[in-house]
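See structure below.
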Amino acid sequence: MNKYMLIDDDDFFLILNKDILTLTNPETGIVQFNSAIAALEWMEKTIQDHEKEWPENILLDIRMPFMNGFDFLEKLKEFPLTNIRKIKVFMMTSSLDERDFIKAQNYPFVYNYFTKPLTIEMIEEIESTELKEWND
Amino acid sequence: MPAKNPHSLNTSLEYQELKKKYDELQLRVTRFSVIEQELIHARNQMDKEVMIYRQMQQFNTKALEDVTDDFYTRLVTETLLEIFEIEVSFICIDIPNSGNSAIRHIEGYTLNEEQKFDLHLYMINLFADLPSGTLRSFEPRAADKIHHILPIRHLMVTQVRDPQLNITITLMGGITDKGSPFYEPIRKDREAAFTVFSQQVLTNETNRFKTHTIREQFDALSIEQKRITSIAENFLNFDTNPDKNIQRIMDLSVQLLSGNCSVYEKLENDLLFTSSSYEQHGFRNKDSAEKICYKLTHLSGRDIVCQQITEDLLKQFNCPWLRQFAGFTFLGSVLRIDKKPIGTLAIILDSTVAINDSIFQLARILTAAISVEERRKNALKALSESEEKYRVIFEGTPNGIIVADPVIQRIQYVNRSACQLFGYTEEEFLNLTLEDLHPADTVEEMKRRFKAFANGEIKMVIEVPCKHKNQLTFYTDISTSRISFGGRFLLAGFFTDVTQRRFDQQAIIKNNIELKKINSELDNFVYSVSHDLRSPLLAILGMVQLININHQSADALQKYISMIAASATRMDDTIKEILEYSRNARLEIEVSQVDFKSLIGEIFEDVRHISPEKITLELNIKQDTPFYSDRNRISTLIKNIISNAVKYRKKGAGNSFININILVTPLEALLRFEDNGEGIDEIHQERIFEMFYRASNSAPGTGLGLYICKEILSNIEGSITLDSVAGEGSVFTVTIKNKLYNPEP
């Protein structure tokens, strides 16, 4: 079962993130997309296919062409709550803009906000982050 | 038989009877003869009477003709001699208050003036208290008074009167002492004829008098009419200068009043006007005229004074030169404005001028006329003073001022600034209407505003479009005030040209929008640039981290190192693109000849290496004329388009090409870049030229390339369009202005 979903338009970061996650835990299941659209398409397909599940952790780049990270988060809101409540989104950005950070806090399924590159310490933090107790 | 001889017996008796009858007959004949004589005499008398009346009729016919007084009186006296067969006759006509009472004519005898006077007086006494028509016939004795004047042995005299006209006619006929013995006294039976004739003469005389009076009145009227005409003519042709008019009134006074000269003295500032003949009459110094005017009027305390220059007056005036006017009459009239005396008009009249009401009336009119002119002069002076004051403000202000009459909707005055503002001359301006001063589409609005201005509802309107004579539109702020001028209420509009201000404001607004756009672009730019510059750097950091992790294979290390190199190159490319952008934005345009063939050759050599696969370039240039523009910018433009074609080729296909067709005309260059690359989806086409917009992720990029292309073209006067089908390829069409004929300085 895939534990991580990587979304970044920059192939280098996909390689970097995958490598470091694999180094930390070679068994980790990883699915990666270089566009948010492709990621959404996969997620939709996954819901229809009852055999598969969404990865628990989504590492999402903000700045991407055509559909950026926030557009992706908006689309994500349209999915069933049961699915959404099972994921943790972590924002990955090279931006230093505080506005992005504030904007990210509006989404309850966003758990943290990291500045690239992904480090071993960040992976440990992600691993130790537990799913929220959702109240209906 | 007694019957046989009755004759003889009766003869003597019969004879006596016969004789008696004869005598009676004789007596009758004699009587008849006497009667016949008497009848003849009576007939003769009748003939004479008839003749007398016929002569009287002839007299009347003659007398009724338009004859002179002398002829008429001679006709009367001659007719008397003729009709009544007498030696001497006279006529005396009394018309009181005319100075014409006298023996008019005496026929058959000669009297001197004194004797005529005495005779006249005698006649007055003779008929004193006697009724009209009384006839007196007598033979004066030698001791009688009349005999001393006129030695006469017989006279018949009668007096008839017209009580209405108060005309008395005395007629006399008579025979002098030395007259021929053949002259007989006028017979008693002619007395009636004499009286009738007298009545006849009186009737004629009253008719003559009436005719004469009417004629005199008519003459007086026509003189008066001439005067009025003269006044009217003079007053109607009045000058705008009151002084000239006063001078004319002075001359008119002399003319109308048959005067010698006129003097008008003003109290307030010692100004003197005199008629043209003034100098000829010795008024050489001001004092003299002043004295006449002053003493004649102000001393007497009356407004109009008419006085003859007497010895007493001359002494009082103490004015030696005035002596020459002794006997003349001075007519002085005081001039008043608002009951205050301001001067005197004095006219020296000819001694022959009859002083009557009409003269006084005329003098008053003339004085009044001068007073009107004086008033006008004061008003004009006050007006010109205030006009001068306002004119300075009016003309001096940089604001255009237009004064209009809101009732007749006509422009009355404009100042110089208004003329300059609208481009019309003052003369042209006065015939203009709102339609001429404002653009056609605003005229209705301006008509409403004009009404509101006129009613005082609004005082100011800003940025009103106005129309110059050359039809160009400019803008003014208009403020108005309502002014009263010459009894009329006018609307004064003050026009301030705010075209520049408006233009500046619009420029500021435009600049503001531009600035906001630039600001947001800059913000976006900083955000994007920081991201794009940091991204490769952060990637390098990540790789370094991986390299530092122990037990990495050599292959892995090699991979990371090459990734570090690629990231560094990407960063360098981004920095270069930012520089390109900055260069286009900041550097001045440098026009030089552009050789497309060599330029594109160089660029293609540079960028073909991005692709590991072969890419074909086909270049067609149609050019008869040199092309001039900014070579560096065009180089950047073409490089961005070609490198896009290389970067976003259909990877792995191996048949990638770029076809470039160029057509150069003296006006522009048309460049068509066609590739068979991945193409651009329709949803991205609209935004592809935006800053940092990226339509594809198939190759690294900043999203600046096409934005820079568009910016360059806006600087060197060109345009770019895109025609693309996703998966098939793209066509970029670029036009650039040829600066062949108007190179930038």
Side-chain angles (χ1 to χ4, degrees), chain A residues 6-26 32-41 59-72 91-103 113-124, chain B residues 523-553 555-557 559-560 562-571 574 648 680-681 683-685 687-688 690 692-704 726:
Chain A
L6 310 179
I7 305 170
D8 200 315
D9 68 314
D10 194 328
D11 289 340
F12 279 17
F13 280 106
L14 289 177
I15 294 167
L16 276 173
N17 292 350
K18 193 185 171 190
D19 283 5
I20 200 156
L21 282 167
T22 311
L23 276 174
T24 317
N25 181 5
Q32 58 179 25
F33 303 94
N34 71 351
S35 90
I37 295 170
L40 277 175
E41 277 170 9
L59 306 191
L60 178 64
D61 184 24
I62 293 179
R63 196 177 142 81
M64 290 180 286
F66 190 51
M67 181 185 274
N68 66 27
F70 289 109
D71 297 331
F72 176 83
M91 307 301 282
M92 300 298 297
T93 181
S94 52
S95 154
L96 297 171
D97 199 320
E98 208 173 83
R99 283 173 295 185
D100 284 348
F101 176 73
I102 293 163
K103 219 158 131 192
Y113 187 96
F114 295 120
T115 301
K116 290 177 181 177
L118 183 66
T119 60
I120 294 169
E121 290 76 30
M122 288 178 199
I123 296 170
E124 282 166 0
Chain B
D523 208 32
N524 196 11
F525 182 80
V526 169
Y527 175 82
S528 301
V529 165
S530 70
H531 179 277
D532 284 16
L533 282 177
R534 287 191 82 211
S535 270
L537 205 59
L538 296 172
I540 290 168
L541 273 178
M543 286 153 202
V544 169
Q545 182 193 218
L546 279 167
I547 289 168
N548 282 336
I549 293 170
N550 294 330
H551 318 300
Q552 289 278 25
S553 69
D555 280 356
L557 288 175
K559 184 178 82 177
Y560 296 140
S562 67
M563 277 168 72
I564 287 171
S567 286
T569 308
R570 245 179 76 190
M571 202 170 144
T574 305
Y648 301 105
I680 300 159
D681 202 310
I683 51 168
H684 302 303
Q685 284 182 14
R687 300 185 62 192
I688 196 77
E690 285 179 19
F692 300 116
Y693 191 86
R694 295 188 64 206
S696 169
N697 205 26
S698 66
T702 56
L704 276 172

Leu533(B), part contacting chain A, at a heavy-atom distance under 4.5 Å: neither
CZ/Phe101(A): more than 12 non-hydrogen atoms of other groups inside 6.0 Å: no
Those residues that, when tested against Lys18(A), pass side chain to side chain donor-acceptor pair (under 3.5 Å) (two or more places apart): none
Ser94(A) to Arg534(B) - nearest heavy-atom pair and separation: O-NH1, 2.7 Å
Heavy-atom closest contact (Gln545(B) atom, Leu118(A) atom, distance): NE2-O, 3.0 Å
Euclidean distance, Ile549(B) CD1 relative to Thr24(A) OG1, rounded to 0.5 Å: 7.0 Å
Atom group of Asp100(A) that falls short of 4.5 Å from chain B, counting heavy atoms: side chain
Per-residue contact mode, Thr115(A) against chain B (heavy atom under 4.5 angstrom): side chain
Residues of residues 33-41 of chain A contacting chain B, heavy-atom criterion under 4.5 Å, by residue number: Asn34(A)
Distance (rounded to the nearest 0.5 Å) between Arg694(B) CZ and Arg63(A) CZ: 8.5 Å
Shortest non-hydrogen separation from Phe12(A) to Met563(B) and the atoms involved: CE2-O, 3.2 Å
Within 6.0 angstrom of Lys103(A) NZ, more than 12 heavy atoms from elsewhere: no
Side chain, backbone, both or neither of Ile62(A) within contact of chain B (heavy atoms, under 4.5 Å): side chain
Residues, nucleotides or ligands: over 12 heavy atoms within 6.0 Å of Glu121(A) CD: yes
Contact origin within Asp681(B) toward chain A - heavy atom pairs under 4.5 Å: neither
All ring pair (Phe, Tyr, Trp, His ring centres under 6.0 Å) counterparts of Tyr527(B), not counting sequence neighbours: none
Contact winner vs chain A - Ala556(B), Ser567(B), Ala539(B), heavy-atom pairs under 4.5 Å: Ala539(B)
Qualifying residues under side chain to side chain donor-acceptor pair (under 3.5 Å), relative to Tyr560(B), sequence neighbours excluded: Asp19(A)
